[in-house]
Amino acid sequence: MRPRVRFAPSPTGPLHMGGVRTALYNYLFAKKLQGDFILRIEDTDQQRFVPGAEEYIIEALRWCGIAPNEGVGFGDGPHAPYRQSERKDIYRQYAEQLVQSGHAYYAFDSAESLELQRKAQEAAGSAFSYNSATRLQLTNSLVLSEADVRQRLQSGEAFVIRLKVPENETIHVQDIIRGDVHVVSSQLDDKVLFKSDGMPTYHLANVVDDYLMKITHVIRGEEWLPSAPLHVLLYRSFGWESVMPQFAHLPLLLKPDGNGKLSKRDGDRLGFPVFPLNWTDPVTGEVSSGYRERGYYPEAFVNVLALLGWHPSDDQEVFSMQELMEKFSLERVSKSGAKFDPEKTKWFNEHYLRQRTDEQLGLALRSLVKNSFGLEEDDPRMTSAFLNAAARLLKDRVQFEHELVVKGEYLFIAPDQYEEAVIAKRWKPELAEVFEAVINAYQAADSFTEEQAELIFKEVAAAHQCKPGDLLQLFRVMISGHGAGVHLFGMVSLLGKQEVIKRLQRALAVLQASV
RNA sequence: GGCCCGUUCGUCUAGGGGUCUAGGACGCGUCCCUUUCACGGAUGAAACACGAGUUCGAAUCUCGUACGGGCUACCA
């Protein structure tokens, strides 16, 4: 049977990278088995709804190359709508059905009165639970007369519908990742299925929709494991046990240091993004940075995420989305939480950057250069020949594309400062005439290839009884301003005869003036 | 507190009773390459939480302890 899986986020804010990983695993699982992957928006909490969050989720998935074939933002399918707020009427009907069959009941206790009970119990050193032990002392259709209940409902009194959890049964959840997980039903409470605001809770909506949308596998975060038995109970109560999906609860993403779930705060504190894309809080205006805007490639981001909790049996670390689709399996997902390591993400980005061609990086460099230095389109430095060559020179020393202009600024802009330490160590006034000779020799050169430029330089050095080693770093500083950088004669050749001569003359003037 | 889940180098992990003097990757150290810095190559330090048990033999199985995490809302 072709699997059908879903990613069902709540639009309560930007999608966290843990959420992206859940989406990714669902997607990979579906693709591997030629199944369907659905995006369903679980917006049943009216209080926590955040405008823009849904659009963010869709854009984030797009950026990562995770494409649902059904669902909000990706073209509806046969089970539309895929937004739970638009399916509101469905849930009431199913909740009522459970009441009719005796698996659920109406409860009229106010949130405040329950809170009071909870506090009282807590003060007494135990915990309050709305369950088989307490339900008969509370205000619900189990204790109220039928007439009373009808009267309350008709008068519009606020009510919720709660699941009547059986008293002493062992509930088993077969989890693909964790095996048999079981709990005694007395530990569960009579969870609210239908809220007084007319919306279902996650538990009801999730189970009903998974059933209606013919979901075969529920792949979600470990935070849902404790409520999985409740969901099993729901399937049973509905009589849907034979089509109940299989469960797979994914290990959590943990903070890089210390303990606990990875949170936005950790990113701020340690300086790495926890979101795929930038997010601007609609209320505070606060911006949280995203991987995309920080210059990460989606391939790198996805690759890292894939390996956080999953690993094939061999030593492969670099995977394209295609390879992930072929190799992924839930059986190889680990059980324990994974601490996120921002460093490794950088390494992956570096790796993917190295795989780009000079042309691709040259193209990236074009807009970077235009923005940073304001070069005109007809500037000789904006030709693809120049940009591609510059990219080739810089490629092995950056992790991100945006570093190309930072580390390669001197390829575009002549330096106006010369690294002090090198000057202090290497510069001697009598060297001026050597560099004058270099200028003259370059002036006379008819070819200015990398090899030619190097050959000429070394000939001049030899003619002045200088070891090239004594001159090279100085030469580099005069050309670029820095004592370290891209391949020297590659840079010289790229800049071209006139520019190099100009820079040398200027450097000589500055150096001689400063002595 | 209760319930559930977990525990191999700093981190991600391989490992499914003997092939483990525990492998790979990131990070870190050293060396080589390079008359720069990187890249690349080589190499090193670095882990089976602890205690019992099962077994001829345990990182691998069982139990306990410790530690960590999750859940415990009319949030998802």
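So you know, we letter chains A, B, ... as the sequences are listed, proteins then strands, and number each from 1.
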May I ask you to verify whether the side chain of A:K344 and the base of B:rA25 hold a donor-acceptor pair under 3.5 Å?
yes

Please work out if A:A111 contacts a base, only the sugar-phosphate, or nothing of the nucleic acid, heavy-atom cut-off 4.0 Å.
base

Side-chain atoms of A:E343 come closest, of B:rU13, B:rG27, B:rA76, to B:rG27

For A:D109, report the nucleic acid contact type (base, sugar-phosphate, nothing); a contact means any heavy atom under 4.0 Å.
base

Determine whether a donor-acceptor pair (N or O, by modelled atom type, separation under 3.5 Å) exists between the side chain of A:R83 and the backbone of A:D43.
no

Applying a 4.0 Å non-hydrogen cut-off, can you work out what A:G125 is touching in the nucleic acid: base, sugar-phosphate, or nothing?
nothing

Students often get this wrong, so: under 4.0 angstrom with heavy atoms, is A:S196 touching a base, only sugar-phosphate, or nothing?
base

Closest to the A:E223 side chain: B:rU36, B:rA76, B:rC74?
B:rA76

Picking from B:rA76, B:rC12, B:rC4, the nucleotide nearest the side-chain atoms of A:L308 would be B:rC12

Side chain of A:P468: nearest nucleotide among B:rC74, B:rU35, B:rC71?
B:rU35

Of the listed nucleotides B:rC75, B:rU36, B:rA73, the one nearest the side chain of A:T201
B:rC75

Any idea which of B:rG15, B:rU7, B:rC74 is nearest the A:R332 side chain?
B:rG15

Output field: ring centroids A:Y352/A:Y297 closer than 6.0 Å:
no

If you look at every strand shown and take non-hydrogen atoms under 4.0 Å, does A:Q187 touch a base, only sugar-phosphate, or nothing?
sugar-phosphate

Please state how far atom NZ in A:K425 lies from atom P in B:rU35, giving the value in whole angstrom units.
17 Å

Give A:K261 one of three labels, base, sugar-phosphate or nothing, depending on what nucleic acid heavy atoms sit under 4.0 Å from its own.
sugar-phosphate

So, does A:D266 use its side chain to make a donor-acceptor pair with the main chain of A:S263 at under 3.5 Å?
yes

Looking at every strand, decide which applies to A:T44 at a 4.0 Å heavy-atom threshold: base, sugar-phosphate, or nothing.
sugar-phosphate

Touch class at under 4.0 angstrom, heavy-atom based, for A:S186 against every strand present
nothing

Would you please confirm or rule out a distance under 4.0 Å between OP1 or OP2 of B:rU36 and any side-chain N or O of A:R426?
no

Could you check which of B:rA14, B:rG70, B:rG24 has an atom nearest any side-chain atom of A:E317?
B:rG24

Taking the P atom in each of B:rA46 and B:rU11, what is the distance between them to the nearest angstrom?
16 Å

For atom P, what is the distance between B:rG6 and B:rU60, given to the nearest Å?
15 Å

With sugar-phosphate meaning primed atoms plus P, OP1 and OP2, does A:V486 contact a base, only sugar-phosphate, or nothing at under 4.0 Å between heavy atoms?
base

In whole Å, I'd like the distance from the CG atom of A:L254 to the P atom of B:rG69.
8 Å

Please list residues of residues 347-355 of chain A whose heavy atoms come under 4.0 Å from any atom in RNA chain B, ordered by number; otherwise none.
A:W347, A:R354

When rounded to the nearest Å, what value does the distance between P atoms of B:rG40 and B:rA45 take?
22 Å

For the residue pair A:F475 and A:F457, does the interplanar ring angle fall in the parallel (under 30°), tilted (30 to 60°) or perpendicular (over 60°) class?
parallel

Write down the distance separating the P atoms in B:rU43 and B:rG23, rounded off to the nearest Å.
13 Å

For A:Q417, is the CD atom crowded, meaning more than 12 foreign heavy atoms sit under 6.0 Å from it?
no

Donor-acceptor pair between A:Y106 and A:E96 side chains, under 3.5 angstrom
yes

When you get a sec, tell me which of B:rU36, B:rU35, B:rG69 is the closest nucleotide to the side chain of A:Q473?
B:rU36

Quick one: which of B:rG70, B:rU11, B:rC74 gets closest to the side chain of A:D341?
B:rU11

Would you call A:K327 and A:F319 a side-chain contact if the rule is heavy atoms closer than 4.5 Å?
yes

At under 4.0 Å between heavy atoms, what does A:L252 touch on the DNA or RNA strands: base, sugar-phosphate, or nothing?
sugar-phosphate

Determine the contact category for A:H487: base if any of its heavy atoms lies under 4.0 Å from a base atom, sugar-phosphate if only primed atoms, P, OP1 or OP2 are that close, otherwise nothing.
base

For B:rU13, take OP1 and OP2 only and decide whether either is under 4.0 Å from a side-chain N or O of A:K339.
no

In whole angstrom, give me the gap between the C1' atoms of B:rG17 and B:rU54.
11 Å

Let's see if you can work this out: which of B:rA76, B:rC26, B:rG24 has an atom nearest to the side-chain heavy atoms of A:D315?
B:rG24

Is the distance between the ring centroids of A:W279 and A:Y56 under 6.0 Å?
yes

Backbone N/O of A:K335 and side chain of A:R178: donor-acceptor pair under 3.5 Å:
yes

C1' atom, B:rA22 versus B:rC33: distance in rounded Å?
32 Å

Would you classify A:S334 as touching base, sugar-phosphate or nothing, given that sugar-phosphate means primed atoms plus P, OP1 and OP2, and contacts are heavy atoms under 4.0 Å?
sugar-phosphate

Heavy atoms only, 4.0 Å cut-off, all strands: where does A:G221 land among base, sugar-phosphate and nothing?
nothing

Measuring to OP1 and OP2 of B:rG68, would you say a side-chain N or O of A:K335 lies under 4.0 angstrom away?
no

Determine, step by step, whether A:E122 and A:R118 satisfy the salt bridge (Lys or Arg N to Asp or Glu O under 4.0 Å) criterion, reporting the C-alpha distance in whole Å, the side-chain angles of both residues, the deciding distance to 0.1 Å, and the verdict.
CA-CA 6 Å; A:E122 206 174 298; A:R118 217 161 261 133; over 6 Å; no

Polar side-chain atom of A:S185 near backbone of A:E169 as donor-acceptor pair, under 3.5 Å:
yes

A:L393 side, atom CG; A:L361 side, atom CG - distance, nearest 0.5 Å:
12.5 Å

Per the under-4.0 Å heavy-atom filter, residues of residues 172-185 of chain A near RNA chain B come out as A:R178, A:V181, A:H182, A:V183

